[in-house]
Amino acid sequence: MGILLSSEALTNIRFPNLGIELKNVPTGIDIFGFRIAFYGMIIGFGMLCGFLIAEWVAKKTGQDPELYLDFALIAIVVSVIFTRLGYVVFSWDEFKDNLLEIFNLRSGGLMIYGGIFGAILSAVVFSKVKKYPFWLLADTGCIGLITGQIIGRWGNFFNREAFGKYTDSLFAMQLNIKDVSYDFRMPVVSLAEKYAGRQAAFERIMEIRNNIVWVNGAEYIQVHPTFLYESLWNLAVLIILIICTKRKKFDGEIMLLYLAGYGLGRVWIEGLRTDQLFLWGTPIPISQLISALIVLFSVGMIIYKRGKLKKSK
């Protein structure tokens, strides 16, 4: 017995319109009988890379990189807690009958805005304790944060989750129906009850069901790979943030650019998702709402701050 690829969910992931078929994609590895999911490994790797790039930016901008090690050790723990807490709050029906499942992070179920809030909260407290400028800390830290998001989204790929609605576009992705956590064979009556008052979400699920394809005797759903869209979008935002770091007009501008850029992409991508979290008792996707508000706030603040600086000259 040694280190082996997990045999659980060893099936293919296909991109038919690109002519790509990834065979026997595992969900994790077994180390001496103990299963470790790629989901957690990738998120951990993303956190490490996020710290390293934040440390690099700190050096480039004349800051003490060791300060960011201290900050990362705190912010990572707090962010993970708040990321899970955000998901639990808006998916309470999944956990109310099994509270121990709240602590099962290997199965997925994170809300990124909870993590962003946790990171900001950590930065506020850390800056006060260390007597360090909060906005300077935020400008550097957000570059590490989005780096972690770029990498972390690939955990969704291995978990076969965070995908979008049906598509036959160039990037259409096919997943074995047995691998995804959602029960696409649920009776229509049960689906209608589950999505009562959320007609758009119900129609997305039904469209996927009505376009199931058979490949080598197995059923596959065909959907938007929204994890890929978000990862690539965030990569573009990261490049912009790095370019703008030396050109910023005020401390906090990079953080505001991050919030505006990430939020704008999330408004679009969240509209494609089939696993949305909703504002309690409404058909409003909570992440899409938060994203739109963040974009408006961030853009407004950048315009206001730049205008104020221009007048002071």
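With ring centers used as reference points, His224 lies 6.0 Å or more from Phe163.
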Begin with the C-alpha distance, continue with both residues' side-chain angles, and end with the deciding distance and a verdict on side-chain contact (heavy atoms from CB on, under 4.5 Å) for Glu219 and Asn176. CA-CA 6 Å; Glu219 291 180 292; Asn176 191 308; 5.8 Å; no
Checking side-chain contact (heavy atoms from CB on, under 4.5 Å) for the pair Gln174/Val213: CA distance, chi angles, key distance, verdict? CA-CA 9 Å; Gln174 293 180 347; Val213 297; 3.6 Å; yes
Let me see the working for Met173 and Phe227 under side-chain contact (heavy atoms from CB on, under 4.5 Å), right down to the final yes or no. CA-CA 11 Å; Met173 175 177 66; Phe227 76 91; 3.8 Å; yes
Trp56 and Ile242: CA distance, side-chain angles, deciding distance, side-chain contact (heavy atoms from CB on, under 4.5 Å) verdict: CA-CA 11 Å; Trp56 173 74; Ile242 291 174; 4.3 Å; yes
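With sequence neighbours excluded, no residue satisfies ring-ring contact (aromatic ring centres under 6.0 Å, His included) with Phe134. In terms of the side-chain contact (heavy atoms from CB on, under 4.5 Å) criterion, residue partners of Val78 (sequence neighbours excluded) are, by chain and number, Ile74, Phe82, Ser122. Partners of Glu21 by side-chain contact (heavy atoms from CB on, under 4.5 Å), not counting sequence neighbours, listed by chain and number: Asn12, Arg14, Lys23.
A distance-only check finds a donor-acceptor pair linking the side chain of Ser127 to the backbone of Val124 [under 3.5 Å]. No donor-acceptor distance shorter than 3.5 angstrom exists from the side chain of Arg84 to the backbone of Met111, with no hydrogens or angles considered. Using a distance-only test at 3.5 Å, with no hydrogens or angles considered, a donor-acceptor pair links the side chain of Asp139 to the main chain of Met255. In this structure a side-chain-to-backbone donor-acceptor pair under 3.5 Å is missing from Arg273 to Ile269. Formation of a donor-acceptor pair under 3.5 Å by the Ser79 side chain with backbone atoms of Gly115 is found in this model. Ser190 contributes no side-chain N or O that, together with a main-chain N or O of Met186, makes up a donor-acceptor pair within less than 3.5 Å. Counting only distance, with no hydrogens or angles, the side chain of Glu230 and the backbone of Arg153 share no donor-acceptor pair below 3.5 Å. Checked by atom type and distance alone, the side chain of Gln288 pairs as donor or acceptor with a backbone atom of Val267 at under 3.5 Å.
Contact of the Phe126 side chain with the Leu67 side chain is registered, since non-hydrogen atoms from C-beta on lie closer than 4.5 Å. Two residues are said to be in side-chain contact when any heavy atoms from C-beta on lie closer than 4.5 Å; Leu175 and Gln222 fail this criterion. Contact annotation: the side chain of Arg160 approaches that of Thr27 to within less than 4.5 Å [non-hydrogen atoms, C-beta and beyond]. Looking only at side-chain heavy atoms (C-beta outward), Thr274 and Val223 stay at 4.5 Å or farther from each other. Side-chain contact between Tyr258 and Ile143: absent, with no pair of heavy atoms (C-beta onward) separated by less than 4.5 Å. Counting heavy atoms from C-beta outward, Val188 and Phe202 have side chains that approach closer than 4.5 Å. Between Phe95 and Tyr87 the shortest side-chain heavy-atom distance falls below 4.5 Å. With contacts defined as side-chain heavy-atom distances shorter than 4.5 Å, the pair Trp154/Phe38 does not qualify.
Note on Glu203 versus Lys165: no salt bridge recorded, every NZ/NE/NH1/NH2 to OD/OE distance being 4.0 Å or above. Looking at Asp183 and Arg185, no side-chain N of the basic residue comes within less than 4.0 Å of a carboxylate O on the acidic one, giving no salt bridge.
Closest heavy-atom contact between Tyr68 and Asp64: CD1-O, 3.7 Å. Of all non-hydrogen atoms in Tyr182 and Lys194, the two that sit nearest each other are CE1-NZ, 3.4 Å. The two atoms that bring Ala162 and Asp275 nearest to each other are CA-OD2, 3.4 Å, heavy atoms only. The two atoms that bring Ala260 and Val299 nearest to each other are CB-CG2, 4.1 Å, heavy atoms only. Residues Gln276 and Pro285 share a closest heavy-atom pair of NE2-CG, 3.6 Å. Among all heavy-atom pairs drawn from Asn17 and Ala172, the shortest one is ND2-CB, 3.9 Å.
No chain of hydrophobic side-chain contacts below 4.5 Å, direct or via other Ile, Leu, Val, Met, Phe, Trp or Tyr residues, connects Tyr220 to Met206.
With 3.5 Å as the limit, one finds a donor-acceptor pair spanning the side chains of Tyr113 and Ser291. Glu161 and Asn156 share a side-chain donor-acceptor pair at under 3.5 Å.
Between atom CD1 of residue Ile286 and atom CG of residue Leu279 there is a gap of 4.5 Å, rounded to the nearest 0.5 Å. Taking NZ from Lys249 and CD1 from Ile254, the interatomic distance works out to 11.5 Å, rounded to the nearest 0.5 Å. Going from atom CE of Met47 over to atom CD1 of Ile43 covers 6.5 Å, rounded to the nearest 0.5 Å. Taken from CD1 in Ile221 to CD1 in Ile208, the straight-line distance is 5.5 Å, to the nearest 0.5 Å. Distance CD1/Ile239 to SG/Cys244: 11.5 Å, rounded to 0.5 Å. Rounding to the nearest 0.5 Å gives a distance of 11.5 Å between CD1 of Ile205 and CG of Asn210.
Residues Leu48, Phe51, Leu52, Leu69 make up the rest of the hydrophobic cluster containing Leu73, defined by ILVMFWY side-chain heavy atoms closer than 4.5 Å, directly or through other members. Other members of the hydrophobic cluster containing Ile81, listed by chain and number, are Val77; membership follows side-chain contacts under 4.5 Å among ILVMFWY residues, whether direct or relayed.
Using cut-offs of 30° and 60° on the angle between ring planes, the pair Phe171 and Tyr229 is perpendicular.
With Thr140 as the fixed residue, the side chain to side chain donor-acceptor pair (under 3.5 Å) test singles out one of Gln63, Glu55, Lys60: Gln63. Tested against Gln149, the residues Leu235, Leu238, Asn234 include a single side-chain contact (heavy atoms from CB on, under 4.5 Å) partner, Asn234.
Sequence neighbours left out, the pairs with a member in residues 276-305 that pass ring-ring contact (aromatic ring centres under 6.0 Å, His included) are Phe90-Trp280.
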